[in-house]
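Single-structure report; data block below.
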Amino acid sequence: MVKRVAIIGAGVSGLTSIKCCLDEGLEPTCFEKHDGIGGVWQFTETAEEGRVNVYRSVVTNTSKEMTCFSDFPFPEDCPNYLHHATLLEYIRTYAEHFHLLNFIHFKTTVCSIRKHPDFASTGQWVVYTETNGEQTSNVFDAVMVCSGCYAEINLPLVSFPGIKNFKGHYLHSWEYKDQKGFEGKKVLVIGAGDSGGDLAVDISRTGAKVFLSTRSGTWVYSRISQAGWPLDMIFTTRFNKCITSLLPTCIMLKILEKKSNRWFNHENYGLIPLSRDSTFRELEKG
Ligand SMILES: Cc1cc2nc3c(=O)[nH]c(=O)nc-3n(C[C@H](O)[C@H](O)[C@H](O)COP(=O)(O)OP(=O)(O)OC[C@H]3O[C@@H](n4cnc5c(N)ncnc54)[C@H](O)[C@@H]3O)c2cc1C
Ligand SMILES: *[C@@H]1O[C@H](CO)[C@@H](O)[C@H](O)[C@H]1NC(C)=O
């Protein structure tokens with residue numbers, strides 16, 4: 001009998017899961033709580049609770065060569081790094097090309113998953129869903145959880161004593177859409193990660209003054225690497241992977257630091273991270 005598979009979420013992971021199930025002769029049913037595909041990449045004009053929020057200016061930090069589905073290259077005329085709208089368009093084309101949309105139940109939230117009473121012998125699961133306030137349950141042979149990980153915010157106000165008395169406006173980057181409302185303002189962006197860097201640049205175009213604060217320093221690198229190649233294409237290669245696994249980590253980090261400082265001397269800016277290997281470890285993971 002054909003195995004029935006429940007897939008939670010129709011973002012990039014959910015869509016590829018539908019396709020893989022079809023390729024393997026399984027019967028996928030995908031549940032998506034919103035009304036469209038793409039997850040993270042579905043831009044909305046205002047931040048909505050329970051949903052990942054991308055700001056208007058988001059451009060991918062991974063090149064199209066490394067970001068594409070392995071069985072579906074980007075069109076030739078796409079730039080190396082993609083604006084979120086271009087990426088969503090690509091994801092739509094992928095879903096249509098492989099006829100994945102028919103397997104998705106939109107506006108349907110998976111509320112809970114329980115083991116079927118016969119689980120010990122069948123391995124089946126009962127999936128409880130809700131569509132427009134109506135609850136249903138269905139039995140599946142397997143469940144793939146593709147629900148993403150950026151929908152909940154972490155705003156640690158306890159780390160900022162006195163913030164309650166602050167007369168200005170404060171917000172989490174999750175709420176941020178664009179520079180509107182920040183024109184002519186003096187702004188402090190806390191945290192020099194992906195979002196912090198992007199937002200500081202964004203706001204600086206019309207703000208009076210922007211500070212980007214980092215607790216422990218950070219490695220700064222460009223999307224573009226040697227000879228103009230995208231950084232991840234140069235870095236994420238089988239050869240590099242091999243070298244990385246052969247060399248002791250401390251030597252590997254020294255080489256990376258040296259390379260990085262040749263392009264941008266972190267010492268000149270007081271940016272050398274306290275924990276020297278943090279970002280490079282991320283790069284290493286590729
Ligand atoms: C600002 C930003 C920039 C990023 N830039 C890049 C980049 O340049 N390159 C890169 O590779 N990655 C990037 N990422 C990472 C990105 O998260 C992944 O690339 C990828 O889009 C994640 O896909 P996903 O399908 O796992 O999750 P999501 O895209 O989050 O999709 C999850 C889906 O599950 C649905 N869902 C959740 N819970 C339920 C439920 N209970 N019932 C039904 N449906 C549910 C959601 O509605 C959503 O549609 C970025 C992320 C962010 C936030
Ligand atoms: C790209 O951005 C996302 C979201 O901020 C982050 O999770 C990921 O690590 C970044 N990737 C790279 C290669 O910088």
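Both I163 and L188 are part of a single hydrophobic cluster, where members link through side-chain heavy atoms under 4.5 Å apart. A continuous path of Ile, Leu, Val, Met, Phe, Trp and Tyr side chains, each step under 4.5 Å between heavy atoms, connects L199 with V54, placing both in one hydrophobic cluster.
The backbone N or O of N240 lies less than 3.5 Å from a partner atom in the side chain of T237, making a donor-acceptor pair. Between the side chain of N261 and the backbone N or O of H266 there is at least one donor-acceptor pair closer than 3.5 Å. A donor-acceptor pair under 3.5 Å links the side-chain atoms of S245 to the main chain of C242, judged by distance alone. No donor-acceptor distance shorter than 3.5 angstrom exists from the side chain of R114 to the backbone of V127, with no hydrogens or angles considered. Of the possible donor and acceptor atoms, one in the side chain of D141 sits under 3.5 Å from a partner among the backbone N and O of R4. At least one donor-acceptor pair under 3.5 Å links the side chain of S222 to the backbone N or O of I224. Without hydrogens or angle criteria, E32 side chain to H34 main chain gives a donor-acceptor distance under 3.5 Å. Under the 3.5 Å distance criterion, the side-chain polar atoms of T218 are left unmatched by any main-chain donor or acceptor of T214. No donor-acceptor distance shorter than 3.5 angstrom exists from the side chain of E134 to the backbone of N132, with no hydrogens or angles considered.
When side chains are defined from C-beta on, I251 counts as touching P248, because their heavy atoms get closer than 4.5 Å. Looking only at side-chain heavy atoms (C-beta outward), I18 and I104 come within less than 4.5 Å of each other. A heavy-atom distance below 4.5 Å is not found between the side chains of V58 and L87. Put simply, the side chain of M233 reaches to within 4.5 Å of the side chain of P230, judged on heavy atoms. Using a 4.5 Å cut-off on side-chain heavy atoms (C-beta onward), V5 and V143 make no contact.
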**Q.** C146 vs I8, side chain to side chain contact (heavy atoms under 4.5 Å, CB included): CA-CA, chis, key distance, verdict
**A.** CA-CA 5 Å; C146 306; I8 308 169; 5.7 Å; no
Q: Mind running side chain to side chain contact (heavy atoms under 4.5 Å, CB included) on K33 and S147 for me, showing each step along the way?
A: CA-CA 10 Å; K33 69 175 169 186; S147 49; over 6 Å; no
Q.
Please determine whether side chain to side chain contact (heavy atoms under 4.5 Å, CB included) holds for the pair R215 and L274, giving the CA-CA distance in whole Å, both sets of side-chain angles, and the decisive distance to 0.1 Å.
A. CA-CA 9 Å; R215 176 163 49 185; L274 295 177; over 6 Å; no
Q: Verify side chain to side chain contact (heavy atoms under 4.5 Å, CB included) between F182 and K180, making sure each step is shown before the conclusion.
A: CA-CA 6 Å; F182 293 94; K180 235 172 273 153; over 6 Å; no
Q: Kindly determine whether W125 and H116 satisfy ring-ring contact (aromatic ring centres under 6.0 Å, His included), including the steps that lead there.
A: CA-CA 5 Å; W125 301 88; H116 192 272; over 10 Å; no
(Q) Between T131 and T108, does the side chain to side chain donor-acceptor pair (under 3.5 Å) criterion hold? Intermediate values first, please. (A) CA-CA 5 Å; T131 318; T108 304; 3.2 Å; yes
Q: Take F264 and Y269 through the ring-ring contact (aromatic ring centres under 6.0 Å, His included) test and state the conclusion after the steps.
A: CA-CA 9 Å; F264 179 101; Y269 288 82; 4.7 Å; yes
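Expressed to the nearest 0.5 Å, how far OG of S173 lies from CD1 of I153 amounts to 8.5 Å. Interatomic distance, L247 CG to I255 CD1, rounded to the nearest 0.5 Å: 5.5 Å. From S137, atom OG reaches atom CD1 of I113 across 12.5 Å, with rounding to the nearest 0.5 Å. Between the SG atom in C20 and the CD1 atom in I7 there is a gap of 9.0 Å [rounded to 0.5 Å]. The line from OG1 of T46 to CZ of R51 is 9.5 Å long, rounded to the nearest 0.5 Å. With rounding to the nearest 0.5 angstrom, the OG1 atom of T16 is 10.5 Å from the CG atom of D23.
For residues 148-171, the set of pairs meeting the ring pair (Phe, Tyr, Trp, His ring centres under 6.0 Å) definition, not counting sequence neighbours, is empty.
Aromatic ring centres of F43 and Y55 lie farther apart than the 6.0 Å criterion allows. Checked against a 6.0 Å centroid threshold, the rings of F98 and Y94 count as neighbours.
What you find for G191 and L212 is that their closest heavy atoms are O-CD1, 3.6 Å. Listed here is the closest heavy atom pair of L231 and Y221: CD2-CD1, 3.3 Å. Contact detail for Q42 and G36: the closest heavy-atom pair is NE2-CA, 3.1 Å. Taking all atoms of both residues into account, the shortest heavy-atom contact from F119 to Q124 is CD1-O, 3.0 Å. Closest of all the heavy-atom pairs between F103 and P28 is CD2-O, 3.5 Å. Closest approach of L88 and I37 over heavy atoms only: CD1-O, 3.7 Å.
Donor-acceptor pairing under 3.5 Å is lacking for the side chains of D202 and Q179.
Applying the 6.0 Å contact sphere to CH2 of W263 captures more than 12 heavy atoms from other residues, nucleotides or ligands. Within 6.0 Å of atom NZ in K3, 12 or fewer heavy atoms from other residues, nucleotides or ligands are found, so the atom counts as exposed in its surroundings. Within 6.0 Å of the CZ atom in R223, the count of heavy atoms belonging to other residues, nucleotides or ligands exceeds 12.
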Show which side-chain atoms of residues 59-76 pair as donor or acceptor with protein atoms under 3.5 Å away, not counting sequence neighbours.
| from | atom 1 | to | atom 2 | distance (Å) |
| --- | --- | --- | --- | --- |
| T60 | OG1 | T62 | O | 3.0 |
| T60 | OG1 | L82 | N | 3.0 |
| T62 | OG1 | T67 | OG1 | 2.7 |
| S63 | OG | M66 | N | 3.4 |
| S63 | OG | D232 | OD1 | 2.9 |
| S63 | OG | D232 | OD2 | 3.4 |
| K64 | NZ | E76 | O | 3.4 |
| K64 | NZ | C78 | O | 2.8 |
| T67 | OG1 | T62 | O | 3.1 |
| T67 | OG1 | S63 | O | 2.5 |
| D71 | OD2 | K19 | NZ | 2.7 |

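The residues R56 and E45 are annotated as salt-bridged, a charged nitrogen and a carboxylate oxygen being separated by less than 4.0 angstrom.
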